[in-house]
Colleague: 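Just dropping this structure here.
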Amino acid sequence: MNARIQDRVAAPQFRLLINGQLVAGASTFDVINPATEQVIAACPRADAAQLDAAVAAAKAAFPAWSAKSLAERRRLLTALADALAARSDEFARLLTSEQGKPLAHAAGEIAGAVEMIRTFAAMDLPIKILRETASSRIVQHRTPLGVVAAITPWNFPMILLMVKVAPALLAGNTVVAKPAPTTPLTTLLFGEICAQVLPAGTVNVITDQNDLGTALTTHPDVAKVAFTGSTATGKKVLASVASTLKRLTLELGGNDAAIVLDDVDVKKVAPQIFFGAMLNTGQVCLAIKRVYVHDSQYEELCSELAKLAETAVVGDGMDPETQFGPLQNKSQYEKVKGFIDDARKRGTIIAGGTTTGDRGYFIRPTIVRDIPDDARLVREEQFGPVLPVLRYSDLDDAIARANDSDYGLGGTVWSSNPERAYDVALRIDSGTVWVNTHLDIPPDVPFAGAKQSGLGAELGQEGLEEFTQAKIVNVAR
Ligand code: NAD
């Protein structure tokens, strides 16, 4: 563990950010390193009064922030990106300590967070002339909404925060950020940077133990909720904003299918499918969560995936050899073990299925074959390193089975004939479908879940406009 983080452990220095001040919480709670089960920090815990103070600060900062020119907000966002980049090693180590992912992946997430801020800083909200005639001029402006609540989960705490904070700020909104209680530290550290770079109140950071979400989403002074998390919580958030009709973006769970067409080179696609399922120990909303393979290639693909699972290196993310870290928290670890127990009864585990060591929430990459479509592992979102491989003989049937889900986040199609795969992609009911690639998520391309995987979009111009009100000015001539 790096020295700066050890210092924090010895004398907890993590602070909430409220109105430009780094302040202690009303109480504290422990943050656990999932690889060691050791307490790494006492995290400040905000109470309802601190939440109110954070929202009040954001509300007070809004008039001045929204009045700044786009060029000035862009300049400050770029300064924020520079400040984050300058401390990227410290952020990456802290991210591995609290989240568990391999250090190289944590560094990638921080680099992605910097890139996210820079991408939005370069974007624009042009005024659009919708009609220009002799008798009328109709113009569309994009105006900021006010205070944005940015609520994030524990799998990618930094990148998912920036997807919200950067466009919200560029559009002229102010922010109250609330991370997940098991990965709050990087968001608090980001608060330190915001305190240095931004005017007081522009960004505020509070942390909770899953108890302040409703107070934030129902708060009368919050104009928009940008939420990433589970579908179950997303439904509660949707209900909670109804009384104030807040603007809302929901990025929720997924159960993405990979459809492998009968013409693939199995040895070539197997590693892509494996890493697409197991990245971040399977804790990716867009991870491959079910694989449909043609009869003719079922045996070969199962055996290739099993080989990859058997040789995978699972361990502490601080070890440079590690490919897959632990599950992020005890409750997710127990949940994934439950999926494995059920899969053992309903199907055949051909690799993994075991925990490792006597400390840490480690589960080896697990491949399950010959499991029926109604098994939990096929129907539900496992959000862990356990992949069911399902057989099909008729492509229409495979597509129907892939679509037979309440989720509709992503999906992949694998084929040596991209045009054929493209036609299949068009028939998948989800917001994003990749062909012969996976998890390519350019920040300038919109990302939106279909069905119960979300509402609204993040990223791209659409993702930026979600933080604005379209204002039409209609002038008679
Ligand atoms: P979660 O829903 O338990 O928590 C997400 C956030 O919501 C946390 O900050 C939590 O404290 C907060 N929260 C809890 N109760 C709340 C309430 N009543 N009101 C408002 N906020 C509340 O999700 P999680 O377990 O942290 O994350 C895993 C889930 O997130 C998975 O389902 C995954 O697929 C999903 N996810 C989706 C995307 C996407 O972009 N679609 C990305 C990453 C993760």
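None of these values were measured; they are calculated from a predicted model. First listed ligand is number 1; within each ligand, the first listed atom is number 1.
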Colleague: Would you tell me which option among Gly213, Gly229, Pro181 has the nearest heavy-atom contact to atom 30 (O) of ligand 1?
Modeller: Gly229
Colleague: Please indicate whether any nitrogen or oxygen in Ser453 is less than 3.5 Å from any nitrogen or oxygen in ligand 1.
Modeller: no
Colleague: Give me the nearest non-hydrogen protein atom to atom 18 (N) of ligand 1 as residue plus atom name, then the distance to 0.1 Å.
Modeller: Thr214 OG1, 3.5 Å
Colleague: Could you tell me the residue and atom name of the protein heavy atom closest to atom 12 (C) of ligand 1, and the distance to it rounded to 0.1 Å?
Modeller: Ile151 CG2, 3.7 Å
Colleague: For Arg364, enumerate each residue passing the side chain to side chain donor-acceptor pair (under 3.5 Å) test, keeping only those at least two apart in sequence or located in another chain.
Modeller: none
Colleague: Nearest protein heavy-atom contact for atom 27 (O) of ligand 1: which residue, which atom, what distance?
Modeller: Pro153 CB, 3.2 Å
Colleague: Identify which of Gln328, Glu381, Glu458 has a heavy atom lying nearest to atom 32 (O) of ligand 1.
Modeller: Glu381
Colleague: So, for atom 4 (O) of ligand 1, does the protein have a heavy atom nearer than 4.0 Å?
Modeller: no
Colleague: Any atoms of ligand 1 less than 4.0 Å from a non-hydrogen atom of Leu160? List them with their elements.
Modeller: 42 (C), 43 (C)
Colleague: How far is atom 17 (C) of ligand 1 from its nearest protein heavy atom, and which residue and atom is that?
Modeller: Thr233 CG2, 3.8 Å
Colleague: Which residues satisfy the side chain to side chain donor-acceptor pair (under 3.5 Å) test with Arg346, sequence neighbours excluded?
Modeller: Asp374
Colleague: Tell me: protein heavy atom nearest atom 11 (O) of ligand 1, and distance?
Modeller: Asn210 OD1, 2.5 Å
Colleague: Going by the atom numbers of ligand 1, which of them fall below 4.0 Å from some non-hydrogen atom of Pro179?
Modeller: 9 (O)
Colleague: Do me a favour and list the nearest non-hydrogen protein atom to atom 7 (O) of ligand 1 with residue, atom name and distance?
Modeller: Phe227 CE1, 3.2 Å
Colleague: For the residue pair Gln328 and Thr183, confirm or rule out a side-chain donor-acceptor distance under 3.5 Å.
Modeller: no
Colleague: List the closest protein heavy-atom neighbour of atom 42 (C) of ligand 1: residue, atom name, distance to the nearest 0.1 Å.
Modeller: Cys285 SG, 3.0 Å
Colleague: Check whether any N or O atom of Lys178, backbone or side chain, sits under 3.5 Å from an N or O atom of ligand 1, and answer yes or no.
Modeller: yes
Colleague: Just checking, any donor-acceptor pair under 3.5 angstrom between side chains of Thr249 and Glu466?
Modeller: yes
Colleague: Name the option, out of Ser230, Pro157, Pro184, that contains the heavy atom nearest to atom 1 (P) of ligand 1.
Modeller: Ser230
Colleague: Indicate yes or no: does an N/O atom of Trp154 lie under 3.5 Å from an N/O atom of ligand 1?
Modeller: yes
Colleague: So that I can tick it off, tell me whether Arg376 and Asp342 are bridged by a salt bridge, with the cut-off set at under 4.0 angstrom between side-chain N and carboxylate O.
Modeller: no
Colleague: What protein heavy atom sits nearest atom 8 (C) of ligand 1, and how far off is it?
Modeller: Thr152 O, 3.3 Å
